[in-house]
Engineer: 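Below is one structure. I have some questions about it.
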Amino acid sequence: MRTENLLIEVGTEELPPKSLAKLAVAFKDNIHAQFSDNDFEFSNINWYASPRRLAVMVENLVEYQADKTVEKRGPAVSAAFDSDGNPTKAAQGWAKSNGIQVEQAERLKTDKGEWLLFKAEVKGKSVTHLVAELTEKALKGLPIPKPMRWGQSSTQFIRPIHTMTLLYGTDLLDGKVLGIQSDRLIKGHRFHSDEPFSLDNANDYLTQLEKHYVLADHEQRKAKVLQQVEAAAKAEGAIADINPELLDEVTSLVEWPVALTASFDQAFLAVPKEALIYTMKDDQKYFPLLDQNGDLKSRFVFVTNIESKDPQAIISGNEKVIRPRLADAEFFFNTDKKQTLGSRLESLKTILFQKQLGTLFEKSERIASLAQTIATMLKVDPALAHRAGLLCKTDLMTNMVMEFPDVQGVMGMHYARADGEPELVALAQNEQYMPRFAGDKLPSSDISLCVALADKLDTLVGIFGIGQIPKGDKDPFALRRASIGVLRIIVEKQLELDLVDLVEASIQTFGDKIKTDGLNPAVTDFVLARFKAWYAEQGVNASVVQAVLINRPTRPADFAARIEAVKSFKSLDVAPALAAANKRVANILSKNADISADKVEPSLLVEPAEIALADAVKLTEAKIQPALEQSDYAAVLTELALLKEPIDAFFENVMVMADDQDTKINRVSLLANLRSLFLCCADISVLN
């Protein structure tokens, strides 16, 4: 059967750069689903995207669907014929819908009865007949939040469509997609290739577009942007500030990338670099240049979409564009410094944090109080923690942050330094938000982490306290992220803090604004539950986390220590047997919950195996006590692993459910003691 590469290209007006790659990948996935579901065989699908096109190449696509046998079961024979053997209306209607007479129907016999059956061989349709329909379905399934209409048409898409190409090898496939007739004409670069060109073969798509100044392969184009920007930076003896999001966006803005270097007035370097970098990257899509010390240079790289004969004119134009943006930042910075952060506290009373929880001023007071309490727990300066917490939201009232919201925190740090605040207080203004995202840095100072913990806990306790618990994927206050932040700070900084104590301290700062019944355990359990996601990202088996979570250790650092111990234990050869034995013990204890298992009575131990286990349990209990006091759970589980032989011998030779009631109770008590030994670290019975 014939196979060819199928090109599907949708030529449009400029597509939104931030969602271009997402749209292209979704288009590829939808095309894959449509052709797979319709029984077309192919080897692979590649996606392409540039500002004015979305395209896929379906490789080695067979020309026809696979033939298939269609079976449609009809009514039961008992209902298909009346007492005289004549077809009922139900049978006649079913037969008519399948284009046959009732007597032409086959019979399907099963254990449950006999039914009428229609069976037919259906020949596969060609790609020519179905491609337009399947393509339209794929396009209509794209994640487009706000589709638009254009001209007099009722067709909707993310941007107006100008061209549609359905090319199977050298064959142009006829059909309309979203109202646009398929054509060989492909548009090249908007400026370098004025007239559309005719594409003769789908296999020539990329090479022909490149001749018309379009790099349609998004990843190839991104690699070229990165290479050009890094080369331009190297020529300046600098390092380009490149983040993945900006690189993707710039790649999606150009079809023929050309990197150029420009400059701005060095006087602007007196403004904190973060504000300048923000406006260059986020507003202008430029790549700032940093020296070897990480300081901003008065040079930047930008990527243009044309290969100009006069690049200096483009450079000059971009320098003119950036100047007023940097001047705004300079003006905001100088104006903001005329007023201290402390003097802005009063203005926080005008900004609502949450209707039931009050203003940002009230939140700042709660953060300050809680940060002070945490500082006392950690034996660091509570006065500095209180001051840092009190000021932590004041930079939100500055001109700079109002204009450039992403520099909140960092500008607070610069303004606090300008105000003469202690360095630790200034540093905390920025580090209060750490970690901002997965893998982000943690606060570097004790004062900063006190404020960071206080801020996150205040939000968690407050939102839970008014009953707005996250449900499903809805988490408007980012409580899951805040919880992960709390855990990371405590675990990675190895802080001896208990979530129960922290949550209770936060509750006390709210007064009567929140409902406190059951609040502490609800918040604590919510935070502890985030360990599952955290460790899942690290590849830790879910059963390991569950084994620890069952015990509900509320000190995160202690929780993490148990996880590491259980991970090591799970890798031991004896782990499966001990896990199974623990599960057996747990089942016995659950079935005999009415027995008050107390101390083991030595005089009632008669079997050698139960005497040996009782002695081993008692000896192990004494051995692991020092390790438990040091939270050395690895040593505890290593010692417990030695119990495998006496446990195996006990279950092989001893009948727990003895006829004598006292003996039975004594053996259940022995197993309860054994179980409690293991539970001092984790419930290994759930390991798999």
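Scope of the values below: all heavy atoms of this structure, side chains included, with no hydrogens, waters or symmetry mates.
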Engineer: Once rounded to the nearest 0.5 Å, what's the spacing between atom CG of Asp498 and atom CD of Glu504?
Structural biologist: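 Interatomic distance, Asp498 CG to Glu504 CD, rounded to 0.5 Å: 11.5 Å.
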Engineer: Which residue in the set Ile374, Leu370, Thr373 passes side-chain contact (heavy atoms from CB on, under 4.5 Å) when paired with Ser506?
Structural biologist: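 Exactly one pass, corresponding to Leu370.
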Engineer: Have Lys363 and Thr459 got a donor and an acceptor in their side chains that come within less than 3.5 Å?
Structural biologist: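 Indeed, the side chains of Lys363 and Thr459 share at least one donor-acceptor pair under 3.5 Å.
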Engineer: State whether the side chain of Thr279 and the backbone N or O of Ala275 hold a donor-acceptor pair below 3.5 Å, judged by distance alone.
Structural biologist: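 It does not hold such a pair.
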Engineer: Is any side-chain heavy atom of Ile158 closer than 4.5 Å to a side-chain heavy atom of Leu142?
Structural biologist: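 Ile158 vs Leu142: side chains apart.
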Engineer: Would you say Gln630 has more than 12 foreign heavy atoms packed within less than 6.0 Å of its CD?
Structural biologist: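 No, because the 6.0 Å sphere around CD of Gln630 holds 12 heavy atoms or fewer from other groups.
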Engineer: So, Gln228 side chain and Ala259 main chain: donor-acceptor pair closer than 3.5 Å or not?
Structural biologist: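 Side chain of Gln228 to backbone of Ala259, a donor-acceptor pair under 3.5 Å: yes, one is there.
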Engineer: So, Asp558 side chain and Pro553 main chain: donor-acceptor pair closer than 3.5 Å or not?
Structural biologist: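 Pair absent, no side-chain N/O of Asp558 close to backbone of Pro553.
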Engineer: I need the Lys297 NZ to Phe264 CZ distance, nearest 0.5 Å.
Structural biologist: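 Lys297 atom NZ to Phe264 atom CZ measures 10.5 Å (nearest 0.5 Å).
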Engineer: How long is the span from the CD atom in Gln284 to the OH atom in Tyr278, to the nearest 0.5 Å?
Structural biologist: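 Those atoms lie 11.5 Å apart.
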Engineer: Under 4.5 Å between any side-chain heavy atoms of Leu549 and Phe559, yes or no?
Structural biologist: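 A side-chain contact exists here, since the closest heavy-atom pair is under 4.5 Å.
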Engineer: Quick one: CG on Leu296 to CG on Leu290, what's the gap to the nearest 0.5 Å?
Structural biologist: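 Reported value, rounded in 0.5 Å steps: 6.0 Å.
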Engineer: Is there side-chain contact between Leu449 and Leu378, with heavy atoms separated by less than 4.5 Å?
Structural biologist: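 In short, these two side chains touch, coming nearer than 4.5 Å.
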Engineer: Of Ile563, Val491, Ile484, Val548, which is the lone residue that meets side-chain contact (heavy atoms from CB on, under 4.5 Å) with Phe531?
Structural biologist: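 With Phe531 as partner, Ile563, Val491, Ile484, Val548 yield a single side-chain contact (heavy atoms from CB on, under 4.5 Å), made by Val491.
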Engineer: Looking at Ala233 and Leu289, what are the two nearest heavy atoms and their distance?
Structural biologist: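 Reported closest heavy-atom pair: CB-CD2, 3.6 Å.
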Engineer: Tell me, with the steps shown, if Cys392 and Asp455 meet side-chain contact (heavy atoms from CB on, under 4.5 Å).
Structural biologist: CA-CA 9 Å; Cys392 71; Asp455 187 14; 5.6 Å; no
Engineer: Donor-acceptor pair, distance only, cut-off 3.5 Å: does the side chain of Asp419 make one with the backbone of Leu341?
Structural biologist: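 Yes, Asp419 side chain to Leu341 backbone: donor-acceptor pair under 3.5 Å.
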Engineer: Looking only at heavy atoms, which two atoms of Arg221 and Val254 are closest? And how far apart?
Structural biologist: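 Heavy atoms only, the tightest pair is NE-O, 2.8 Å.
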Engineer: More than 12 heavy atoms of other residues, nucleotides or ligands under 6.0 Å from CZ of Arg481: yes or no?
Structural biologist: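 For Arg481, atom CZ is not crowded (no more than 12 foreign heavy atoms under 6.0 Å).
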Engineer: Test Asp265 against Arg323 for salt bridge (charged side-chain N to carboxylate O under 4.0 Å, His left out), laying out the working first.
Structural biologist: CA-CA 8 Å; Asp265 193 332; Arg323 189 174 299 117; over 6 Å; no
Engineer: Is Glu496 salt-bridged to Arg555, cutoff N-O under 4.0 Å?
Structural biologist: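 Arg555 and Glu496: salt-bridged.
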Engineer: Could you state the interatomic distance from CD1 (Ile242) to CG (Leu226), rounded to the nearest 0.5 Å?
Structural biologist: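 Here the rounded value is 5.0 Å.
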Engineer: When Ile489 is tested against each of Ser448, Pro435, Cys450, Pro556 for side-chain contact (heavy atoms from CB on, under 4.5 Å), which residue passes?
Structural biologist: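 Between Ile489 and the candidates, side-chain contact (heavy atoms from CB on, under 4.5 Å) is satisfied uniquely by Pro435.
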Engineer: Would a 4.5 Å heavy-atom cut-off, applied to side chains only, mark Leu424 and Asp381 as touching?
Structural biologist: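 In short, these two side chains do not touch, never coming nearer than 4.5 Å.
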Engineer: Decide salt bridge (charged side-chain N to carboxylate O under 4.0 Å, His left out) for Lys441 and Glu492; before the verdict, give the C-alpha distance in whole Å, the side-chain angles of both, and the deciding distance to 0.1 Å.
Structural biologist: CA-CA 11 Å; Lys441 294 185 296 184; Glu492 294 179 28; over 6 Å; no
Engineer: Give the C-alpha distance, both sets of side-chain angles, the deciding distance and a yes or no for side-chain contact (heavy atoms from CB on, under 4.5 Å) between Asp336 and Met411.
Structural biologist: CA-CA 10 Å; Asp336 288 339; Met411 291 312 302; 6.0 Å; no
Engineer: I'd like to know if the side chain of Arg149 reaches the main chain of Ser154, judged simply by a donor and an acceptor atom lying under 3.5 Å from each other, with no hydrogens or angles considered.
Structural biologist: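 It does not hold such a pair.
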Engineer: Taking everything shown except Lys273 itself, do over 12 heavy atoms lie less than 6.0 Å from its NZ?
Structural biologist: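 Check passes, neighbour count above 12.
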Engineer: So Thr304 and Leu260, side-chain contact (heavy atoms from CB on, under 4.5 Å) or not? Walk me through it.
Structural biologist: CA-CA 7 Å; Thr304 182; Leu260 299 172; 4.1 Å; yes
Engineer: Taking C-beta and beyond as the side chain, do Leu453 and Ile490 meet within less than 4.5 Å on heavy atoms?
Structural biologist: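 Yes. Closest side-chain heavy atoms under 4.5 Å.
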Engineer: Quick check: do Val566 and Tyr633 have side-chain heavy atoms less than 4.5 Å from each other?
Structural biologist: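 Contact flag for Val566/Tyr633 side chains = no.
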Engineer: Rounded to the nearest 0.5 Å, how far apart are CD of Glu230 and CD1 of Ile239?
Structural biologist: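 If I round to the nearest 0.5 Å, the distance is 10.5 Å.
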Engineer: Check whether Gln429 reaches the backbone of Ala426 with its side chain - one donor and one acceptor, N or O, closer than 3.5 Å.
Structural biologist: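 Between the backbone of Ala426 and the side chain of Gln429 there is no qualifying donor-acceptor contact (under 3.5 Å).
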Engineer: Run the numbers on Ser252 and His218 for side chain to side chain donor-acceptor pair (under 3.5 Å), then give the verdict.
Structural biologist: CA-CA 8 Å; Ser252 299; His218 192 272; 3.1 Å; yes
Engineer: Against Glu362, only a single residue in Lys349, Lys513, Lys355 fulfils salt bridge (Lys or Arg N to Asp or Glu O under 4.0 Å); can you say which?
Structural biologist: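 It is Lys513; the other options fail the test.
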Engineer: Is the backbone of Ile463 close enough, under 3.5 Å, to the side chain of Gln354 for a donor and an acceptor to pair up by distance?
Structural biologist: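 Checked: no pair found.
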Engineer: Given the rule in the salt bridge (charged side-chain N to carboxylate O under 4.0 Å, His left out) test, do Asp446 and Lys493 qualify, once you have shown the distances and angles that lead to the verdict?
Structural biologist: CA-CA 10 Å; Asp446 291 336; Lys493 292 290 185 178; over 6 Å; no
Engineer: Ignoring hydrogens, what is the shortest heavy-atom contact between Leu391 and Val425? Give both atom names and the distance.
Structural biologist: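 Smallest heavy-atom distance, with atoms named: CD1-CG1, 4.2 Å.
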Engineer: Do side-chain atoms of Ser483 reach the backbone of Leu479 as a donor and acceptor pair under 3.5 angstrom?
Structural biologist: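 Yes: the side chain of Ser483 pairs with the backbone of Leu479.
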Engineer: Does the side chain of Met400 reach to within under 4.5 Å of the side chain of His414, using non-hydrogen atoms?
Structural biologist: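 Heavy-atom side-chain distance check fails, nothing below 4.5 Å.
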Engineer: Any idea which heavy atoms bring Arg562 and Cys681 closest together, and the distance?
Structural biologist: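 That closest heavy-atom pairing would be NH1-O, 2.8 Å.
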Engineer: Ignoring hydrogens, what is the shortest heavy-atom contact between Glu14 and Arg159? Give both atom names and the distance.
Structural biologist: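 Here Glu14 and Arg159 meet closest at O-NE, 3.2 Å.
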Engineer: Taking atom CD of Glu629 as the centre, does the number of heavy atoms from other residues, nucleotides or ligands within less than 6.0 Å exceed 12?
Structural biologist: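 Counting other residues, nucleotides and ligands, CD of Glu629 exceeds 12 neighbours.
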Engineer: Please report the closest heavy-atom contact between Lys456 and Ala482, naming both atoms and the distance.
Structural biologist: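 Here Lys456 and Ala482 meet closest at CD-O, 3.8 Å.
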Engineer: Would you say that Trp47 contacts Leu54 through its side chain, given a criterion of any heavy-atom pair below 4.5 Å between the two side chains?
Structural biologist: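 Result no, sub-4.5 Å side-chain heavy-atom pair not found.
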Engineer: Short question: side chain of Asn293, backbone of Asp295 - any donor-acceptor pair under 3.5 Å?
Structural biologist: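 Between the backbone of Asp295 and the side chain of Asn293 there is no qualifying donor-acceptor contact (under 3.5 Å).
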Engineer: Ring centroid separation for Tyr415 and Phe333, is it under 6.0 angstrom?
Structural biologist: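 Judged by ring-centre distance (under 6.0 Å), Tyr415 and Phe333 do meet the cut-off.
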Engineer: Please check this pair: side chain of Ser369 against backbone of Glu365, looking for a donor-acceptor N/O pair closer than 3.5 Å.
Structural biologist: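 Here the side-chain-to-backbone pair does not exist.
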Engineer: Start with the C-alpha gap between Arg552 and Asp525, add the side-chain angles, then the distance that decides, and say whether salt bridge (charged side-chain N to carboxylate O under 4.0 Å, His left out) holds.
Structural biologist: CA-CA 8 Å; Arg552 197 178 178 265; Asp525 288 342; 2.5 Å; yes
Engineer: Is it true that Gln432 and Lys393 share a donor-acceptor pair across their side chains at a distance under 3.5 Å?
Structural biologist: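 Side chains of Lys393 and Gln432: pair found under 3.5 Å.
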Engineer: If the plane angle is over 60° it's perpendicular, under 30° parallel, otherwise tilted; pick one for Phe302 and Tyr286.
Structural biologist: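 Judged by the thresholds at 30° and 60°, the geometry between Phe302 and Tyr286 is tilted.
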Engineer: Listing request: all side-chain hydrogen bond (donor to acceptor under 3.5 Å, both in side chains) pairs with a residue in residues 527-538, at least two apart in sequence or in separate chains.
Structural biologist: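 Non-adjacent pairs meeting side-chain hydrogen bond (donor to acceptor under 3.5 Å, both in side chains): zero.
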